[in-house]
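Structure record follows, encoded as structure tokens.
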Amino acid sequence: MPGVYLFLIAIALASPLMAQLPRTPDLQVQQAAMKKLSFLIGRWSGEARVLRGPGQWVDLIQTEEAQYKLGGLLLMIEGIGRTKADGTLALQALGLIFYDDESGAYRMRAYNDGRWLETEVRILEGGHGLSWGFSLGEIKTDSVLRINEKGEWTELGELTIGSQAPRTFMELAVRRN
């Protein structure tokens with residue numbers, strides 16, 4: 001009978017936890033919010049410049065592909081850059097953007113060169129751009145993506161270390177194919 005007694009105690013202790021079911025996400029709210037990012041959907045190509053070290057800029061042929069996944073709940077963006085000089089793969093990035101209906105914020109998990117980060121994404125005023133960034137100790141990045149008046153997807157990434165002035169580490173301009 002001690003086994004039955006322990007089982008009953010375990011049930012009694014677990015009951016309050018079972019009563020607290022996880023919050024059910026509002027899929028309609030999430031999908032409606034994600035539709036605001038539809039200006040990015042498609043295949044894009046053009047050029048980019050990335051800073052690989054002090055004064056070491058690399059010019060790239062850049063492609064970006066943005067598509068919805070999971071019935072519009074995720075926006076997947078894949079960027080691939082190849083050197084202009086010889087076509088060598090120099091940049092691979094994958095971003096997954098989603099809308100958290102509980103907090104009312106867009107979030108992105110981005111992967112690049114074996115690293116990843118998660119950050120908040122903000123829609124820019126006018127609705128045709130995004131901004132995001134992250135901080136790690138004294139290092140801070142800020143990135144801004146815009147669709148300009150020519151319909152080009154432009155991106156500018158800046159890096160700040162401590163109290164130094166921001167420095168550009170990436171520039172991109174691609175056009176819808």
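Computation of the quantities below employed the complete heavy-atom set of this structure, encompassing side-chain atoms and omitting hydrogens, waters and symmetry-equivalent molecules.
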What are the two closest heavy atoms between Pro166 and Glu158, and how far apart are they?
-> CB-OE1, 4.0 Å
Minimum heavy-atom distance Arg122-Glu120, with the two atoms named = NH1-O, 3.9 Å
Residues sharing Met108's hydrophobic cluster, by side-chain heavy-atom contacts under 4.5 Å among ILVMFWY, directly or via others?
-> Val29, Met34, Leu37, Phe39, Leu40, Ile41, Trp44, Tyr68, Leu75, Ile77, Ile97, Tyr99, Tyr106, Val121, Ile123, Leu130, Trp132, Leu145, Ile147, Trp153, Leu172, Val174
Write down the atom of Thr160, the atom of Gly162, and the distance for their closest heavy-atom approach.
-> CG2-O, 3.7 Å
When rounded to the nearest 0.5 angstrom, what is the spacing between CZ in Arg109 and CD in Glu118?
-> 5.0 Å
Is Lys84 atom NZ crowded by more than 12 heavy atoms from other residues, nucleotides or ligands, each under 6.0 Å away?
-> yes
Under 3.5 Å, is there a donor-acceptor pair between the side chain of Thr83 and the main chain of Thr88?
-> yes
What distance do Thr154 atom OG1 and Glu171 atom CD have between them, rounded to the nearest 0.5 Å?
-> 10.0 Å
Provide the closest heavy-atom pair for Pro25 versus Gln30 in the form atom of the first, atom of the second, distance.
-> CB-NE2, 3.4 Å
Test side-chain contact (heavy atoms from CB on, under 4.5 Å) applied to Leu73 and Gln31, step by step = CA-CA 5 Å; Leu73 295 174; Gln31 287 170 326; 3.5 Å; yes
Do Leu91 and Gln62 come within less than 4.5 Å of each other through their side chains, counting heavy atoms only?
-> yes
Where is the tightest heavy-atom contact between Gly157 and Ser143, given as atom of each residue plus distance?
-> CA-OG, 3.9 Å
Look only at the side chain of Arg52 and the backbone of Ala90, and say whether a donor-acceptor pair between them is shorter than 3.5 Å.
-> yes
d(Leu89 CG, Arg82 CZ) to nearest 0.5 Å is 5.0 Å
Between Ile161 and Phe134, is there a shared hydrophobic cluster once you connect ILVMFWY residues whose side-chain heavy atoms come closer than 4.5 Å?
-> no
Leu117 reachable from Tyr111 in the ILVMFWY side-chain graph, under 4.5 Å edges | no
Side-chain contact, heavy-atom cut-off 4.5 Å: Asp59 with Glu47?
-> no
Would you indicate whether Arg43, at its atom CZ, is surrounded by more than 12 heavy atoms from other residues, nucleotides or ligands within a distance under 6.0 Å?
-> no
Minimum heavy-atom distance between Gly81 and Leu60, given as atom pair plus value = CA-CD1, 4.1 Å
Glu65 CD to Asn177 CG distance, which is reported to the nearest 0.5 Å = 9.5 Å
Is there a path from Leu70 to Leu27 through hydrophobic residues (I, L, V, M, F, W, Y) whose side chains come within less than 4.5 Å of each other?
-> yes
Got Leu124 and Ser131 here, is their nearest side-chain heavy-atom distance under 4.5 Å?
-> yes
Can Phe169 be reached from Leu156 by stepping across I, L, V, M, F, W or Y side chains whose heavy atoms are under 4.5 Å apart?
-> no
Exceeds 12 heavy-atom contacts within 6.0 angstrom, atom CZ of Arg146 = no
In this structure, CG of Leu159 is separated from CD1 of Ile139 (nearest 0.5 Å) by 6.5 Å
